[in-house]
Amino acid sequence: MALIVLVGPMGAGKTTVGTLLAKKLRLPFKDSDAEIEARTGADIPWIFDVEGEQGFRDRETQVLKDLLAMPEGVIATGGGIVMREENRVLLKPVQVVYLRASLNEQLRRTANDRKRPLLQTENPRAVLERLMTIRDPLYRDIATQIIETDGANSRSIATKLARQYGDQAL
Ligand SMILES: Nc1ncnc2c1ncn2[C@@H]1O[C@H](COP(=O)(O)OP(=O)(O)O)[C@@H](O)[C@H]1O
Ligand SMILES: O=C(O)C1=C[C@@H](OP(=O)(O)O)[C@@H](O)[C@H](O)C1
Ligand SMILES: [Mg+2]
C-alpha cells in the first residue's frame with residue numbers, strides 16, 4: 001500500500017523530504033500541520049495561543065485520522081504526533097519512516113524559526129533535548145524504518161526513499 005508516513009523531531013525534514021518524495025513517486029503529499037492550518041484558517045502559533053497545546057493535539061488527531069484514510073500518498077506529520085497513544089495506535093499498521101536528526105542538527109535547522117511555539121523559549125536546545133528523550137522511544141516503537149539525516153541533504157534522502165518505495169507507487 002503506497003501510504004508512507006514520515007515522523008521525527010522538529011527539523012528532521014519531514015515536510016521538506018515528504019514534499020520531494022511525493023513528487024518523485026507522483027503521489028499526493030499532505031502535511032498535517034498545513035492541513036490543520038488550512039482547516040482552521042489560522043496558523044499553528046495562533047492555535048497554540050488560543051486553544052492551547054491540547055486543542056492543537058485534538059485537531060492533529062482528527063487530521064491524522066482523515067489523512068490515513070487516503071488510499072495512497074506521503075504524509076508528513078508534526079513532531080509531536082507520537083505524544084498521544086491514540087495516534088500511535090493509528091500509525092502502528094502503516095509504513096512509518098522515522099527521520100532522525102542529532103540535537104545539534106535539530107537546533108541548527110530550526111534556528112530563528114517563529115512558527116514552532118514549543119521552541120519560542122530562552123533555551124530551545126533544552127526543549128529539543130527533553131522532547132527527544134521522551135519521543136525517541138515512541139518514534140522507534142512505530143517506525144518500520146529509521147533514517148539518520150545528519151550529513152545527508154533532503155534531496156538525497158528523498159531519492160533513497162523513492163528508490164525503495166517506487167515499486168509500490170506504480
Ligand atoms: N537533511 C537535511 N539537511 C539539512 N537541512 C535540512 C534537511 N532536511 C530538512 N532541512 C531543513 O531544515 C528545516 C526544517 O525542515 P522541515 O522539513 O520543516 O522539518 P520538519 O517538518 O521535520 O520539522 C528546513 O529549512 C529544511 O530545508
Ligand atoms: O514537535 C512538536 O510538538 C510540534 C512540531 C511541529 O511540526 P514539525 O515537526 O513539522 O516542526 C508542529 O506540529 C507543532 O509546532 C508541534
Ligand atoms: Mg514539518
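Just follow the structure's listing: the first ligand is 1, and inside any ligand the first atom is 1. Residue indices begin at 1 and follow the sequence shown. All values below were derived from every heavy atom in this structure, side-chain atoms included, with hydrogens, water molecules and symmetry-related copies excluded.
With no hydrogens or angles considered, a side-chain donor-acceptor pair links Gln145 and Tyr165 at under 3.5 Å. Inspection of the Gln62 and Asp66 side chains reveals an N or O donor paired with an N or O acceptor under 3.5 Å.
With rounding to the nearest 0.5 Å, the separation of CZ in Arg155 from OG1 in Thr16 is 10.5 Å.
Backbone and side-chain nitrogen or oxygen atoms of Lys115 are examined, and none is located within less than 3.5 angstrom of a nitrogen or oxygen of ligand 2. Residue-to-ligand polar distances keep Phe56 apart from ligand 2: every N/O pair is separated by 3.5 Å or more.
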Derivation and outcome, side chain to side chain contact (heavy atoms under 4.5 Å, CB included), residues Ile142 and Tyr98 | CA-CA 9 Å; Ile142 60 168; Tyr98 171 13; over 6 Å; no
Worked verdict on Glu35 versus Glu60 for side chain to side chain contact (heavy atoms under 4.5 Å, CB included) | CA-CA 9 Å; Glu35 193 63 24; Glu60 191 175 48; over 6 Å; no
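Using a 4.0 Å cut-off between heavy atoms, Gln106 makes no contact with ligand 2 at all. With a heavy-atom cut-off of 4.0 Å, Lys14 touches ligand 2 through its side chain alone. The part of Leu118 lying near ligand 2 is the side chain, judged by heavy-atom distances below 4.0 Å.
Within the structure, the closest approach of Glu53 to ligand 2 does not fall below 4.0 Å when heavy atoms are considered.
Counting atoms of ligand 2 from 1 in the listed order, those under 4.0 Å from a heavy atom of Gly78 are 7 (O), 9 (O), 13 (O). Residue Pro117 has at least one heavy-atom neighbour below 4.0 Å for each of these atoms of ligand 2: 15 (O).
When heavy-atom distances to ligand 1 are checked against 4.0 Å, the residues falling inside are Pro9, Met10, Gly11, Ala12, Gly13, Lys14, Thr15, Thr16, Arg108, Arg109, Arg116, Thr149, Ala152, Asn153, Ser154, Ile157, ordered by chain and number.
Checked for salt-bridge contact, Lys92 and Glu85 miss the test: no charged N lies under 4.0 Å from a carboxylate O.
Protein heavy atom nearest atom 5 (C) of ligand 2, with residue, atom name and distance: Gly79 N, 3.3 Å. In this structure, the protein non-hydrogen atom closest to atom 11 (O) of ligand 2 is Arg116 NE, 2.6 Å. Looking from atom 6 (C) of ligand 2 to the surrounding protein, the closest heavy atom is Asp33 OD2, 3.5 Å. Atom 3 (O) of ligand 2 has Arg57 NH2, 2.7 Å as its closest protein atom, hydrogens excluded (heavy atom only).
For the Mg ion (ligand 3), the tally of protein N/O/S atoms lying closer than 2.8 Å stands at 1.
Looking at Leu6, Thr16, Ile44, it is Ile44 that brings a heavy atom closest to atom 14 (C) of ligand 2.
Remark: of the listed residues Arg116, Arg109, Lys115, Arg116 is the sole one forming a salt bridge (charged side-chain N to carboxylate O under 4.0 Å, His left out) with Asp113.
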